[in-house]
Amino acid sequence: MIRGFEAGIIIAVIAPLIGIFLVLRRYSLIADTLSHVSLAGVAIGLLLKINPLIAAIIAAVVSSVAIEKLRISKRIFGESALSIFLSGSLALAIVLISFAHGFGADLFSYLFGSINTVKQSDVYIIGALGILVVAAVIAFYKELVFVTVDEEAAYVSGIPTKFINILLIVLAAFTVSLAIPIVGVLLISALMVIPVVTALQLKMSFKKTIFFADLISVFSVITGIILSFYLNLSPGGTIVLVALGIFILTLFIKRR
Amino acid sequence: MQHVDHAHTIIELDRVCFSYTNEEVIKDVSLEIHKGDYVGIVGPNGGGKSTLLKLMLGILKPNDGTVRLFGSDIKDFKDWSKIGYVPQKTYIEINFPVIVEELVAMGRYGKQGLFHFPTKEDKEKTLTALKQVDMLGYKDRQINDLSGGQQQRVFIARALATEPEIIFLDEPTVGVDIKTQKQFYALLRKLNKELALTLVLVTHELDVVAHEATELGYINRTMEYYGNPEEFLKGAYFHELIGRGGLHH
Ligand SMILES: Nc1ncnc2c1ncn2[C@@H]1O[C@H](COP(=O)(O)OP(=O)(O)OP(=O)(O)O)[C@@H](O)[C@H]1O
Ligand SMILES: [Mg+2]
């Protein structure tokens, strides 16, 4: 469970950090798409007997670049490009799984997250790439913010908007695939979106919004892991329900 | 009339054509804008005013013809800190979590370059710009808690914070009350006269701009008129424009 905690807290920090930019650019569907791509990566990894986490990361990063290229070329409308990737990779994952039928229990933990099966090597990978994601967001913070608020004005200020767009989606790919062992494929986007939307209710500055989203996310993950451990529940589901509980609470507090 | 230094060409368009799809929306537009010019661009809805600004700024690339900014081809242009841009009524998302000071500070980002954090000077310039548009008292307010006119002033402050040599404004006074509008045009006049700031202003307020601007362009796919505003008021395009209801929103 200690390993689960270590990995969980890292994920809790980076998920809203990237999530806020996706939410504000109305890119939330990208997180879902990349998580399904990651699942196909996991299936390939299990089939070829390479570390599924690494396979998921590679699949997600490669597809994220392809998605961005498709978006720029404007040949396919943004949303439908994502849907194609989402359903395509899910189909691939299902076929690969049925092809190698029998990695059942393992697959279940990738779908819904499983703190107990987090390997020590996973913690190292999540730690290293997690630090990379945080460092990239700090280094390119002002560019990411400007491009999110107003891409054309950012371009006219001399900000390399194409690079920043690619950076954001690659960081999203890392975040999504790293979160798989903890919350599972199906609930990653919830962890990236719910704490952000909750913090947005509070109407603060950009920096404070990020800070509060992270606070909510870390709290949800810690509470979720503890509850799931003692009550023997699915950790991914519990974490997301805790985050959702906080969201509903803020809605009520704001209403009054 | 003010003195215009025609020796200093800032923008040069040479037979520029552009289309989003198959249909050409900008056709064969050539013009020169000089330092200290106050250019008003008018024309009917869909006439290509916003597109023309985006072509001048390199946001869009011409299919044909060339755009030169400060003497260099737009493809090689690097000196972005000379440019200020106030886009057409920026759509600010409900709950967009940015306070006034943060938004105006973005005007300094390009000058700072990658991997540099804002300095004390940046902060001062940000506050000065807010003072110029009379919005200093609102610096900690979230942008969507402001009225439309106040938001527009904040976007102008962002352009001013860059300390540009030229500012492009796309319908900056839409949704702004008459009093604020008057203040706004007085501010532009002051910037143009005192700082010799070059201005390119897209607007539907023909009556106002004809009295404020030094040059006036009427665009409806092609640049049908470019020159003295008073001459324009006497000409046929003026009546055509009014006839199409382009004068007011
Ligand atoms: N992104 C786009 N894709 C395709 N067509 C576009 C796009 N933007 C504008 N157009 C078309 O190009 C033409 C010129 O549009 P533009 O926005 O430049 O007009 P405008 O003069 O600024 O109009 P308005 O007064 O309404 O702001 C219009 O016919 C418009 O439909
Ligand atoms: Mg327009």
Side-chain angles (χ1 to χ4, degrees), chain A residues 16 19-28 72 74-75 135-164 167 193 195-214 247 250-251 254, chain B residues 20-21 50 53-54 56-60 69 74 77-88 90-103 105-118 122 139-145 155 158-159 161-162 164 166-168 170:
Chain A
I20 191 166
F21 295 108
L22 299 184
V23 168
L24 292 174
R25 302 190 73 174
R26 302 177 180 284
Y27 271 11
S28 306
I72 297 174
K74 287 199 179 117
R75 256 183 299 190
V137 170
I138 292 172
F140 294 101
Y141 174 76
K142 65 183 196 310
E143 286 77 16
L144 282 166
V145 173
F146 202 169
V147 170
T148 303
V149 172
D150 184 345
E151 186 166 347
E152 289 184 348
Y155 174 82
V156 168
S157 305
I159 285 171
T161 50
K162 270 189 195 160
F163 168 73
I164 294 297
L167 178 78
V193 170
V196 169
V197 175
T198 309
L200 284 177
Q201 302 295 323
L202 304 173
K203 293 209 170 198
M204 296 170 296
S205 72
F206 204 87
K207 280 196 178 130
K208 281 188 190 155
T209 307
I210 292 184
F211 176 76
F212 270 90
D214 257 339
F247 172 69
T250 44
L251 276 189
K254 258 197 69 190
Chain B
Y20 289 100
T21 49
S50 299
L53 276 201
K54 288 180 187 179
M56 289 178 177
L57 288 163
I59 294 169
L60 299 172
L69 255 185
I74 190 76
F77 185 74
K78 292 278 181 308
D79 226 347
W80 293 107
S81 61
K82 288 183 172 164
I83 312 282
Y85 176 42
V86 182
Q88 186 163 11
T90 318
Y91 172 67
I92 306 156
E93 185 170 352
I94 306 295
N95 276 342
F96 203 105
V98 63
I99 58 171
V100 168
E101 190 180 343
E102 280 179 319
L103 191 107
M106 289 174 195
R108 306 288 308 165
Y109 286 179
K111 271 203 155 77
Q112 290 156 20
L114 292 175
F115 307 120
H116 288 276
F117 292 94
D122 290 318
K139 71 181 173 62
D140 296 319
R141 288 272 285 272
Q142 233 204 29
I143 190 79
N144 33 302
D145 288 346
F155 280 98
R158 183 177 72 185
T162 313
I166 180 166
I167 300 188
F168 297 83
D170 197 344

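Letters A, B, ... mirror the listed sequences (proteins, then strands); counts begin at 1. Just so it is clear, the model here is predicted, and its values are computed rather than measured.
- Contact of A:S205 with chain B is made through backbone and side chain together, with heavy-atom distances under 4.5 Å.
- A side-chain contact (heavy atoms from CB on, under 4.5 Å) with A:V196 is found for exactly one of A:T198, A:L200, A:V193, namely A:L200.
- For a residue to count as touching a neighbouring chain, one of its non-hydrogen atoms must lie under 4.5 Å from one of that chain's; by this rule B:F77 does not touch chain A.
- Most heavy-atom pairs under 4.5 Å with chain A, from the set B:Y85, B:Y109, B:F117: that is B:Y109.
- The pair A:K142-B:D122 does not meet the salt-bridge criterion, since no charged nitrogen lies less than 4.0 angstrom from a carboxylate oxygen.
- Interface residue A:T148: backbone and side-chain heavy atoms are both found under 4.5 Å from chain B.
- No more than 12 heavy atoms of other residues, nucleotides or ligands sit less than 6.0 Å from atom CZ of A:F212.
- Using a 4.5 Å cut-off between heavy atoms, B:D140 does not touch chain A at all.
- Inspection of the B:S50 and B:Q88 side chains reveals an N or O donor paired with an N or O acceptor under 3.5 Å.
- Ion pair A:R25/A:E151 flagged as a salt bridge, since at least one NZ, NE, NH1 or NH2 atom sits closer than 4.0 Å to an Asp/Glu carboxylate oxygen.
- Residue with the most contacts toward chain A among B:H116, B:R108, B:K82: B:H116 (heavy-atom pairs, distance under 4.5 Å).
- At a 4.5 Å heavy-atom cutoff, A:L202 makes no contact with chain B through either its backbone or its side chain.
- Taking the ring centroids of A:F21 and A:Y27, they lie at or beyond the 6.0 Å cut-off.
- Looking at every heavy atom in both residues, B:W80 comes nearest to B:L57 through CH2-O, 3.3 Å.
- For B:K54, the part lying under 4.5 angstrom from a heavy atom of chain A is the side chain only.
- Neither the backbone nor the side chain of A:K208 has a heavy atom closer than 4.5 Å to any heavy atom of chain B.
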